[in-house]
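Read the numbers this way: they start at 1 and go in the same order the structure lists the ligands and their atoms. All values below come from the heavy atoms of this structure, side chains included, with hydrogens, waters and symmetry mates left out.
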Amino acid sequence: MNIIEAIQERRSVRTYNGAPLSRTASSELFKAINNAYDPFEGDISIKLNDFDLSDGFRPSTYGVIKGAMTYFLVAGTDSRQSELSIGFVFEQIVLKAWQLGLGTCWIGGTFKGSDFDRLADTWTEGQQLRIVSPVGVPSGLSFREKIMRAAVGSDRRKPFEKLFFDTDFATPLSPNSRYGTALEMLRLAPSSTNSQPWRALVIGETVHFYYMPKSKFAIIDCGIGLCHFYETEKFYSHAGIFAADTTAPTPPDNMKYLISYRPE
Ligand SMILES: Cc1cc2nc3c(=O)[nH]c(=O)nc-3n(C[C@H](O)[C@H](O)[C@H](O)COP(=O)(O)O)c2cc1C
């Protein structure tokens, strides 16, 4: 399965078959953690942890996740740079897991105060646990999971023309334009409560990214979207860089500027 197919097919998995990861799968995931690319150079760490229940550990997500004993733990410092990195880097692992036939689910809210916090002293100074994600072989959708997906509209995404603009914020971008495919893949990215905070304005060869500051996960969400964008560019043999651009147009009141992308 190539990366485009992985982006298109991935969904959050909250019900697992209870089987441990194979040795090959674990080793591929560790490799993915070590080889992940981080253009934002944030201060983050990712761990892959088997929870041994005989140790008295209860990796509780308050009933959101069933049948998984292996979790990724993602920590970072409290900065915009680290939040972008958490999204960008961990989504590479999520997509790799999907290519290996494994499900994951970004969890930002429903683990606080549970046994995951017992590992808090293992992070480097200034880092805090921000995200956990189970990883394992998906089992069928549970009733509870169906309700949860329906509640946040997980199967829906905002239309392309409402998110991406051409030259000014009044002109929708054509999906057939130079960045159409990479932005379409960004559009499919997962986000907290499916809020899809990302917006983009294309001017010539440059893409200026903006976001709606609706939730405390908005920047992490944007990092995830930028990962899909970048992986698609790479798949089609385009190389580009992310950098702040002082010429980026001022956005409408409800949006904030994030970063820009241009060919190298
Ligand atoms: C940063 C972030 C935090 C999330 N936190 C939670 C969470 O606490 N609990 C949960 O069940 N799902 C959580 N999700 C999963 C989203 O609800 C899900 O990605 C979204 O509804 C889209 O569905 P999909 O991933 O199946 O495409 C989170 C996703 C992201 C990106």
Side-chain angles (χ1 to χ4, degrees), residues 3-16 40 42 44 46 59-68 71-76 78-80 82-99 102-117 128-136 138-160 163 184-198 211-229 231 258:
I3 197 74
I4 303 293
E5 290 161 335
I7 287 173
Q8 289 172 323
E9 289 175 20
R10 183 220 55 87
R11 62 169 178 85
S12 293
V13 173
R14 297 182 178 83
T15 313
Y16 295 84
F40 308 112
I44 70 165
I46 300 177
S60 169
T61 53
Y62 304 104
V64 171
I65 303 299
K66 292 273 181 263
Y71 281 79
F72 289 106
L73 307 175
V74 188
D78 183 14
S79 71
R80 163 189 282 228
S82 292
E83 290 189 338
L84 274 176
S85 293
I86 287 174
F88 194 94
V89 173
F90 186 55
E91 184 65 2
Q92 290 169 63
I93 320 297
V94 163
L95 293 172
K96 180 67 194 181
W98 192 266
Q99 288 175 308
L102 301 170
T104 56
C105 182
W106 284 83
I107 298 193
T110 46
F111 70 88
K112 295 275 155 57
S114 76
D115 275 357
F116 292 110
D117 288 341
Q128 278 179 21
L129 182 59
R130 297 296 306 275
I131 298 290
V132 304
S133 168
V135 56
S139 189
L141 281 182
S142 68
F143 179 67
R144 190 189 171 103
E145 192 169 1
K146 283 185 192 154
I147 300 276
M148 189 165 264
R149 293 188 67 81
V152 296
S154 290
D155 292 323
R156 291 191 301 272
R157 292 295 188 266
K158 293 181 168 62
F160 188 96
L163 300 174
E184 171 60 12
M185 295 304 130
L186 184 158
R187 195 180 73 88
L188 303 180
S191 54
S192 62
T193 60
N194 202 24
S195 53
Q196 307 160 65
W198 38 71
Y211 67 101
M212 312 285 277
K214 284 196 267 192
S215 90
K216 63 176 180 173
F217 294 110
I219 307 282
I220 294 182
D221 290 337
C222 286
I224 300 172
L226 292 179
C227 168
H228 284 205
F229 176 90
E231 288 290 341
L258 185 65

Quiz prompt | Derivation of the salt bridge (Lys or Arg N to Asp or Glu O under 4.0 Å) call for Arg187 and Glu184 | solution = CA-CA 5 Å; Arg187 195 180 73 88; Glu184 171 60 12; 2.8 Å; yes
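Proximity of Glu91 to Trp106: side-chain heavy atoms (C-beta onward) are separated by under 4.5 Å at one or more points. In this structure the side chain of Glu83 reaches within 4.5 angstrom of the side chain of Arg130, judged on heavy atoms. Contact of the Leu258 side chain with the Leu84 side chain is registered, since non-hydrogen atoms from C-beta on lie closer than 4.5 Å. Side-chain contact between Lys214 and Asp221: absent, with no pair of heavy atoms (C-beta onward) separated by less than 4.5 Å. Pro190 has its side chain within reach of His228: a pair of non-hydrogen atoms, C-beta onward, lies under 4.5 Å apart. Between Arg157 and Leu163, every side-chain heavy-atom pair lies at or beyond the 4.5 Å cut-off.
The nearest heavy-atom contact from the protein to atom 25 (O) of ligand 1 is Ser12 OG, 2.6 Å. The protein heavy-atom contact nearest to atom 17 (O) of ligand 1 is Arg14 NH2, 3.5 Å. At the top of the distance list for atom 5 (N) of ligand 1, counting protein heavy atoms only, stands Gly108 N, 3.0 Å. From the protein, the heavy atom lying nearest to atom 9 (N) of ligand 1 is Thr110 OG1, 3.5 Å. Counting only heavy atoms of the protein, atom 28 (C) of ligand 1 lies nearest to Trp106 O, 3.0 Å. Considering only non-hydrogen protein atoms, atom 21 (O) of ligand 1 sits nearest to Ser154 OG, 2.7 Å. Of all protein heavy atoms, the one closest to atom 8 (O) of ligand 1 is Gly109 N, 3.0 Å. Among protein heavy atoms, atom 1 (C) of ligand 1 sits closest to Asp221 OD1, 3.5 Å.
The shortest heavy-atom contact between Gly108 and Ile131 is CA-CD1, 3.9 Å.
For ligand 1 and Met148, the ligand atoms under 4.0 Å from any heavy atom of the residue are 11 (O). Close contacts between ligand 1 and Arg10 involve ligand atoms 24 (P), 25 (O), 27 (O) [criterion: under 4.0 Å to a heavy atom]. Proximity to Ile224 (heavy-atom distance under 4.0 Å) selects the following atoms of ligand 1: 31 (C). Close approach of ligand 1 to Val64 (heavy-atom distance below 4.0 Å) involves ligand atoms 11 (O). Atoms of ligand 1 lying under 4.0 Å from any heavy atom of Val152, numbered from 1 in the order shown and given with element: 21 (O).
When the heavy-atom distances from atom 16 (C) of ligand 1 to Pro190, Cys105, Ser191 are ranked, the shortest goes to Ser191. In this comparison of Arg11, Arg157, Arg149, Lys216, the heavy atom closest to atom 27 (O) of ligand 1 sits on Arg157.
The closest side-chain donor-acceptor pair between Asn194 and Ser154, if any, does not fall under 3.5 angstrom.
For ligand 1, the polar-atom distance check finds no N/O of Phe217 at less than 3.5 Å from any of the ligand's N/O atoms.
Open room surrounds CD on Gln128; 12 or fewer heavy atoms of other groups in view lie less than 6.0 Å from it.
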